[in-house]
Amino acid sequence: QVELVESGGGLVQAGGSLRLSCATSESNFVIRAMGWYRQAPGKQREFVASLTRGGIINYADALKGRFTISRDNAKNTVYLQMNSLKPEDTAVYYCAATRSEIFTTPTINYWGKGTLVTVSS
């Protein structure tokens, strides 16, 4: 069973930055894509960003330019750098991984427990 462990959440003022980390217990041989979702209070979980083993990156349109996903293969870790944070970015951020090349909700095989990001105005 693949384990995903998120870290880096916290409280930040609007305009600030945070970097989330997601460490996996499994090598990239099994996982073909990793990424992030988020769920704000009272809202559905939504896609944030993804990164395939082949280096293909996708972002939610509304987050392009502020969020950056990256990885460290040696550490089996994926990062989400979040800049110019806004109060509406407040959410629980979930790391996700799939054995598929396609990173969408139906193909997600593994979920982290989430890390809370709170952006104050």
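- Using a 4.5 Å cut-off on side-chain heavy atoms (C-beta onward), I69 and Y59 make contact.
- Shown here for G16 and V12, the closest heavy-atom pair between the two residues is CA-CG2, 3.9 Å.
- What you find for A96 and F103 is that their closest heavy atoms are O-CE1, 3.6 Å.
- Residue pairs meeting the disulfide (SG to SG under 2.5 Å) criterion with at least one partner in residues 30-121, sequence neighbours excluded, are C22-C95.
- In this structure, the side chains of R99 and V30 come closer than 4.5 Å at one or more pairs of heavy atoms.
- Taking 4.5 Å as the limit, every side-chain heavy atom of L51 sits out of range of all side-chain heavy atoms of M34.
- The nearest pair of heavy atoms linking T107 to T98 is O-OG1, 2.7 Å.
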### Query
Between Y94 and T115, is a side-chain contact (heavy atoms from CB on, under 4.5 Å) present by the stated rule, with each step listed?
CA-CA 7 Å; Y94 296 92; T115 184; over 6 Å; no

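- The side-chain heavy atoms of W36 and V78, taken from C-beta on, include a pair separated by under 4.5 Å.
- Counting all heavy atoms, side chain and backbone alike, S121 lies closest to P87 at CB-CG, 3.9 Å.
- In this view, A23 and T77 satisfy the side-chain contact (heavy atoms from CB on, under 4.5 Å) rule, not counting sequence neighbours.
- A salt bridge between E6 and K113 is absent, with no side-chain N of the basic residue lying under 4.0 Å from a carboxylate O of the acidic one.
- Contact annotation: the side chain of V48 approaches that of L80 to within less than 4.5 Å [non-hydrogen atoms, C-beta and beyond].
- Around atom CD1 of I57, more than 12 heavy atoms belonging to other residues, nucleotides or ligands sit under 6.0 Å away.
- In terms of heavy atoms, L11 sits closest to S120 at CD1-CB, 4.3 Å.
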#### Entry: Chi angles and distances behind the side-chain contact (heavy atoms from CB on, under 4.5 Å) call for I31, T24
CA-CA 9 Å; I31 295 172; T24 173; 3.5 Å; yes

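- L20 is not connected to I108 by any chain of hydrophobic side-chain contacts under 4.5 Å among Ile, Leu, Val, Met, Phe, Trp and Tyr, and they are in different clusters.
- Looking at heavy atoms from C-beta onward, D89 lies in side-chain contact with R38 at the 4.5 angstrom threshold.
- Screening M82, Q81, K75 for a side-chain contact (heavy atoms from CB on, under 4.5 Å) involving Y79 leaves a single residue, K75.
- Across every non-hydrogen atom of S17 and S84, the tightest pair is OG-N, 4.3 Å.
- Ring orientation note: the planes of F47 and Y37 are nearly perpendicular, at an angle over 60° on the 30°/60° scale.
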